[in-house]
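Note on naming: letters A, B, ... go to the chains in the order of the sequence lines (proteins, then strands), and numbering restarts at 1 for each one. Nothing here was measured: the structure is a model prediction, and the numbers come from that model.
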Amino acid sequence: MLDALQNQLSTIAEQESVRVLIIGASGKAYSSGHDLVEVQTNTHELFEKCSQVMMSLNTLPQPVIAMVQGIATAAGCQLVASCDLAVASDKAKFGVSGINLGLFCSTPAVALSRNVGPKQAMQMLLTGDLISAHEALSYGLINKVVPQRDLHSETIKLATSISSKSSFAVRLGKKMFYKQLQCNNLKDAYSFATEQIVNNLQHHDTRRGIQEFLSRV
Amino acid sequence: MLDALQNQLSTIAEQESVRVLIIGASGKAYSSGHDLVEVQTNTHELFEKCSQVMMSLNTLPQPVIAMVQGIATAAGCQLVASCDLAVASDKAKFGVSGINLGLFCSTPAVALSRNVGPKQAMQMLLTGDLISAHEALSYGLINKVVPQRDLHSETIKLATSISSKSSFAVRLGKKMFYKQLQCNNLKDAYSFATEQIVNNLQHHDTRRGIQEFLSRV
Amino acid sequence: MLDALQNQLSTIAEQESVRVLIIGASGKAYSSGHDLVEVQTNTHELFEKCSQVMMSLNTLPQPVIAMVQGIATAAGCQLVASCDLAVASDKAKFGVSGINLGLFCSTPAVALSRNVGPKQAMQMLLTGDLISAHEALSYGLINKVVPQRDLHSETIKLATSISSKSSFAVRLGKKMFYKQLQCNNLKDAYSFATEQIVNNLQHHDTRRGIQEFLSRV
């Protein structure tokens, strides 16, 4: 599964025509994370591969939306946290439940704690309890909760909004966003952001977009 | 406008008698950001100047409150995010809408992502959609939502509360707050904070404040 | 009091049998922070000692839960922020009120701003106003608000959930969580987390936990 995801991500990264990626699932679970037989062998290789997939979501040129219809636990919750955006059914639940088996969800904690405050993340990690979609929304883990029957249409609506924008600007923006977030210093972040917005303004999509806007007002 | 703001900020920074700054606006918009004719020329200089104004809000000795009566988009939303505090009318709306014209709001993203979680910030940046004042409150972008008719009085109430405190302590505090926030390491943050609180305690305002309190209890 | 707390924490850190620590209080206040007579003498030593206690909560091998029945102000609010988890009565209130006496709560700001967004933290620090338990929950400062009469039982329920997990995994997890949070870079965080989860999987508690789970499904 991780190999298949990594291959797909590598292929999609090269495809100019793909504007946005939705990661959905069918069945009761969105993803319940690792196969517990598999984690007992080649452990190091397995978790390195998994971390690589999660980082590939972050470095993928296109925005990624998690469309969450069911339970997302452990590496499944990490997958949601690693996407740029997430829409969830009101039936979805989220948890980092490894601790129930004596396995602290260390790798999921990396992604989770970059979306959710430390007290909320620690509660999830130490208790293994599932939280509701509404709690996940209030913690900042997801963007929107919708009735199950609207999950597909609402996710498509969000994806369509993004795919209607300049592909150049969206790709530049995603990359710059995470890079500037790493700057502790406001001055460094602004230097980098200024360089990027100047670059963005020189693109023909942007020049045309601004000209069209100005001709309408 | 940026020159005027920068000049005002430089002047205010020198004025001991100014205890707190409120940045308000009149009309339909609080600020809709850059002039789109202007962004097409002297781009680099313009965005450097804008970033400088935003950083000057952060380094201004006095606290700054955004009083938001209407729409705050792009650099206007960045202005709100760059203030220390923000009070908004329930009619106010917030967005980083450059993406609609093919321009990812890279410089606004710096300020926005230091107030709002990554999933919420990315949704705003990638869709360009406006959010309501209540959403802005739940995301952490602003401090308070009030009815339009109470905006002025509620902002003045907040400003008056701050201006009634020791000016020395307020200025020391604002500066130390943002500096310690840059420390990844808890030990470094506490070393710096300890030095600052010891300094604060030696000031006559503080000595008198504590003496008066102790004489009342 | 700080010496007593530090001694207790040092003792508890060595006790393998202690799984989780609850810090509660009786009376009207949870903690109103420093003695204002004491802060006027040996100031530097006092605040260094206090910071050391707060950092010891962070480095204590066991998770720490604040059980907050009343008002937590200044270093009392810092204590709540410094615990891993916090459960509060709906009668509890929180504030960093030193500014009312001319003393910006610089050391409390370190802990507070690592739980609460900058606009919310600055409002609390600059106004000295108390916030309700429900506001504290929405800001991320605490985990749960319960009726006063349920405070003890709800806190015990949370503690019991944690103490039922593998002690090895809980200790490894708490330590790794705060360490990975200091990594600006996703790659560094994942390298460290991968090493930790591989280590965790080699422990007999974890091997047995997984085997038992697999035998049930």
Side-chain angles (χ1 to χ4, degrees), chain A residues 34-37 39-55 57-59 74-75 78 82 96-114 116-129 138-140 178-179 181-184, chain C residues 20 63 81 83-86 114-117 137-144 158 161-162 164-174 176-178 180-181 183-187 189-214 217:
Chain A
H34 286 281
D35 174 339
L36 288 170
V37 174
V39 297
Q40 297 174 300
T41 55
N42 291 328
T43 307
H44 199 277
E45 195 194 323
L46 179 68
F47 282 96
E48 279 206 327
K49 193 178 283 186
C50 179
S51 298
Q52 194 49 59
V53 168
M54 299 299 170
M55 287 190 278
L57 293 167
N58 196 260
T59 56
Q78 181 185 7
S82 299
V96 271
S97 44
I99 196 69
N100 292 328
L101 310 179
L103 183 64
F104 190 89
C105 282
S106 290
T107 42
V110 170
L112 183 68
S113 63
R114 278 152 183 81
V116 167
K119 281 222 166 39
Q120 283 65 43
M122 274 299 259
Q123 180 174 359
M124 293 175 71
L125 289 159
L126 290 173
T127 66
D129 290 345
S138 75
Y139 293 0
Y178 294 112
K179 190 160 175 198
L181 210 50
Q182 292 179 17
C183 301
N184 278 354
Chain C
V20 59
C83 291
D84 303 299
L85 301 169
R114 278 151 183 81
N115 276 208
V116 166
L137 182 68
S138 76
Y139 292 0
L141 180 58
I142 61 174
N143 292 94
K144 203 169 185 173
L158 178 59
S161 166
I162 296 169
S164 74
K165 319 298 185 197
S166 156
S167 170
F168 175 81
V170 164
R171 287 162 178 243
L172 174 147
K174 172 170 171 176
M176 87 71 55
F177 182 82
Y178 294 112
Q180 65 80 26
L181 210 50
C183 302
N184 277 354
N185 191 290
L186 210 52
K187 202 179 165 81
Y190 271 123
S191 286
F192 173 65
T194 298
E195 184 192 292
Q196 293 296 308
I197 204 164
V198 169
N199 175 9
N200 194 162
L201 269 159
Q202 284 159 354
H203 196 269
H204 54 85
D205 280 3
T206 314
R207 290 187 170 275
R208 200 182 49 230
I210 292 174
Q211 287 302 334
E212 284 176 7
F213 178 80
L214 290 173
V217 291

What option among [options] has the most heavy-atom pairs under 4.5 Å with chain A?
{"options": "Ala193(C), Cys183(C), Ala86(C)", "answer": "Ala193(C)"}
{"options": "Ser161(C), Gly117(C), Ser138(C), Gly140(C)", "answer": "Gly140(C)"}
{"options": "Ser166(C), Pro63(C), Ala169(C)", "answer": "Ala169(C)"}
{"options": "Val20(C), Asn143(C), Thr194(C)", "answer": "Asn143(C)"}
{"options": "Ser167(C), Gly173(C), Ser164(C), Gly209(C)", "answer": "Gly173(C)"}

Pairing residues for His203(C) by the ring-ring contact (aromatic ring centres under 6.0 Å, His included) criterion, not counting sequence neighbours: Phe168(C)
Interface residues of residues 45-52 of chain A facing chain C - heavy atom cut-off under 4.5 Å: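 Phe47(A), Glu48(A), Ser51(A), listed by number.
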Interface moiety of [X] toward chain A, non-hydrogen atoms closer than 4.5 Å:
{"X": "Asp205(C)", "answer": "backbone"}
{"X": "Leu214(C)", "answer": "side chain"}
{"X": "Phe192(C)", "answer": "neither"}
{"X": "Arg114(C)", "answer": "backbone"}
{"X": "Leu172(C)", "answer": "side chain"}
{"X": "Lys187(C)", "answer": "both"}

Residue part contacting chain C, namely of [X], when any heavy atom lies under 4.5 Å:
{"X": "Thr43(A)", "result": "both"}
{"X": "Leu103(A)", "result": "both"}
{"X": "Ser82(A)", "result": "side chain"}

Partner chain C: residue of Leu181(A), Val39(A), Leu126(A) with the largest heavy-atom pair count (under 4.5 Å):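 That would be Leu126(A).
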Any side-chain donor near an acceptor of the partner, Lys119(A) and Asn115(C), under 3.5 Å: yes
Test item: Glu195(C) and His44(A) side chains (from C-beta on) under 4.5 Å apart, heavy atoms: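 Answer no - side chains too far apart.
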Evaluation steps, side-chain contact (heavy atoms from CB on, under 4.5 Å), between Phe104(A) and Ile197(C): CA-CA 7 Å; Phe104(A) 190 89; Ile197(C) 204 164; over 6 Å; no
